[in-house]
Amino acid sequence: MSKTIWTLGLALIAMLAAVPGHGQWTSQFQFGGIYNSIYLSPQDTPTPFTPEGNDPSFISTLTLLMNVSLDDQLSAFATVETLRGLSISIYAMGINWQPGPSPLLQLRAGKFMAPFGNFLERRYASTNPLIGLPILYDYLHDLSAFDVPENNAELLLIRGKGLSLQYPDLGHSSAQTAQATGGERILSGHLPKPGRGMRILSRELYLTGLELFGWAKHWRYAVAVTNGALSNPADRNPNGGVNLMGRFVLLPTTGLVLGVSVARGAYLNKSAVAEKLAAIGKKARDVKQISAGADVMFSYRHLDAWAEYLWNRYQSPFLPQNLDLQGWSIEAKYKFSARVYGAARFNALRFGRIADTLDVDGDGQLMEPWDFNVSQLEVALGLRLNRNSYLKLSHQFNRSFNVPQGDPADDINAFQIVVFF
Amino acid sequence: MKFYLIRSRAARWFGVVVATGLFSYCTVFAQVGETGDLSGRVNITQPIRENSQIGSQEIIRLYSFSYGGYDATSSNRVAETPRVVIYLESPKNAHGLKISKKWKNAPKFVTIDQKNEQFIPHILPIRVGTVVRFLNSDSVYHNVFSLSPVKSFDLGKYPRGQYRSVKFDKPGVVNVYCDIHTHMSAYILVLDTPYFTQIDSTGHFKMEQIPAGEYRLVAWYGRWPKKSQPIKIIAGKELKVNITFP
């Protein structure tokens, strides 16, 4: 299916090149960048709240954005990001085409930011009033794209370990697998080295494919066919499936934006899990992540406020139930003066309960959330140094609930400088 | 006795009226007799282009569902004639300026409009103490702000038809921007002299009834280096000055 998407995309580009009369060829080149450097205080206990690890050093990122309007109908865009000055990633690259005079029908082909939720379009350091990202986009839970738990117990035993994830090998107890294999163990166990869990919505949610979108004065829409999935936007379609997503936004009045988003895609890396899934007659593209969200943005005077809600389901091939979760985020920014603002964000993840027949944590509860429920409150103060730069100070209160060893001490202090041009 | 008192009171009132009229007559004539006119033309030799846009923020906004995309107003933007400001300073001390009657009463309120994602006017000269009303005539939010040392403010977001006011009580240049649409910018030149004007669409300017004396004439436009030269206003005469800008 990925080949189909690429073929369609290239066909679109060829079509555009062949269509005569693009009108007057004028070129407008827009270029800009955002540099930011973050210092995170060292944590007593690194947890999935600290995806950057426990390295108390400056983490610097430079994001370059480009947009070229070739004429009234055609434009090209690109976003490049470097992390710690070492790796360069092309986050976005593609073209936009408006076939007719109306902005209600536009096409986008290439690698682009997923049309989902209201946070992604302000994920940049210059538009995010805090330093951290909402935990919907940043918290590493205990599901991996490269491995699958074979039973509930394996999943429940590594709750809270999304930063360094390795499923314990309890032997397969899946009746379905045993039946398929005649009772013999064919599964090769789990990955020998720990990896990272997935984010529910990847903070680098750029997917490759085609998008149909449109803008009107009081509403906007986007539907996209891409590779990857919201949790696993990896390049070159390792999932072997197609991700479908859509977003609809209503702007009933100035300063109020209401949105809904849906997505469905395969989230597992097909080469990593092919052998395991073959044992039960499945493929990676059959194992889906299904998401539905609602969001709102409100602005008036010196106040900006955002809220986002997400319902998410992971299908897991060996488990007797789906893995559901809900998450929400409420955020506000208030400008006290031209130079000083305050911001706060409260967000939470609540994982669905699954059967804990082995009572893995010995608390007598036979239904447990499939990862520890977590909540986070971040508060920040921003100082505008000049028109092009900010200084931010923030504190994150991070809480994990019902952890047998107790809530880890993983609150974070952070300091960030942002310069944009 | 009674007749004497009546005549005396009437005479007093008559005297007051005559004296007042004579005083006013003398004052007016004294003013007219002590003033001259200034006129001229500013020759703009190269296009004045300003780009306050912050590329990264404009691109983010362009692709934003919440703020960008739909843009019915950009095609309606007008290309504003660069209205260079001409003003007079006292060469010795600004407070030593004599103020003629014509220039005494400056407007207390002036308006900058936000229309079609532009500040109109782009350049606004005002006197110290003037209140500027920032009117939003667009159907989208703007967020007017300034970080200038002369006057720092952030007016927040307000809908179409509403305005917010700022009083400018110190002389200097105030750079005004929109926090949402970075291509929007304006200058407010706060002056402690009442003698200022702007060129018209043909580059001409005229100032009448300037008290005779020596001044420094200044031509100013935004980021361009200002031009200044000493002039002398002679009572009853018109001084013509031509300036090449920038």
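Any value given below was found using the heavy atoms of this structure, including those in side chains, with hydrogens, waters and symmetry copies removed. All values reported here derive from a predicted model rather than from experimental measurement. We name chains A, B, ... by the order of the sequence lines, and we start the count at 1 in each one.
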Polar side-chain atom of B/S56 near backbone of A/F421 as donor-acceptor pair, under 3.5 Å | yes
Does A/T254 use its side chain to pair, donor to acceptor, with the backbone of B/S139 at less than 3.5 Å?
-> yes
Quick one: does A/H302's side chain have a donor or acceptor within less than 3.5 Å of a partner on B/K157's backbone?
-> no
What do you reckon, is OH of B/Y163 surrounded by more than 12 foreign heavy atoms closer than 6.0 Å?
-> no
To the nearest 0.5 angstrom, please state how far the CZ atom of A/R301 sits from the OH atom of B/Y141.
-> 10.0 Å
What part of B/I59 is in contact with chain A, defined as an atom under 4.5 angstrom from a non-hydrogen atom: side chain, backbone, both or neither?
-> side chain
Distance in Å, B/Q57 CD paired with A/F420 CZ, rounded so as to fall on 0.5 Å steps | 5.0 Å
With the side chain counted from C-beta on, respond yes when A/Q30 and B/L62 share a heavy-atom pair under 4.5 Å apart, and no when they do not.
-> yes
CZ of A/F31 to CD of B/E58: how many Å apart, nearest 0.5 Å?
-> 15.0 Å
Counting only heavy atoms closer than 4.5 Å, note whether B/S148 contacts chain A via side chain, backbone, both or neither.
-> neither
Portion of A/D304 that has a non-hydrogen atom of chain B nearer than 4.5 angstrom = side chain
Atom pair OG (B/S64) and CG (A/N118), whose distance is rounded to the nearest 0.5 Å = 9.5 Å
Listed by number, the residues in residues 329-340 of chain A that come under 4.5 Å of chain B (heavy atom to heavy atom) are A/K335, A/S337, A/A338, A/R339
Output the distance between atom CZ (A/R123) and atom CD1 (B/I60), rounded to the nearest 0.5 Å.
-> 9.0 Å
Quick one: what part of A/F213 sits under 4.5 Å from any heavy atom of chain B, side chain, backbone, both or neither?
-> neither
With only heavy atoms counted, which part of A/M113 is less than 4.5 Å from chain B, the side chain, the backbone, both or neither?
-> neither
For B/R223, check salt bridge (Lys or Arg N to Asp or Glu O under 4.0 Å) against everything at least two apart and list the hits.
-> B/E50
Ionic contact status for A/R384 with B/D179, cut-off 4.0 Å | yes
Part of B/R160 within contact of chain A (heavy atom distance under 4.5 Å) | neither
Does the cation-pi check pass for A/R387 over B/Y177, that is, NZ or CZ under 6.0 Å from the six-membered ring centre and within 45° of its axis?
-> yes
Tell me, side chain or backbone of B/T182 under 4.5 Å from chain A's heavy atoms, or both, or neither?
-> both
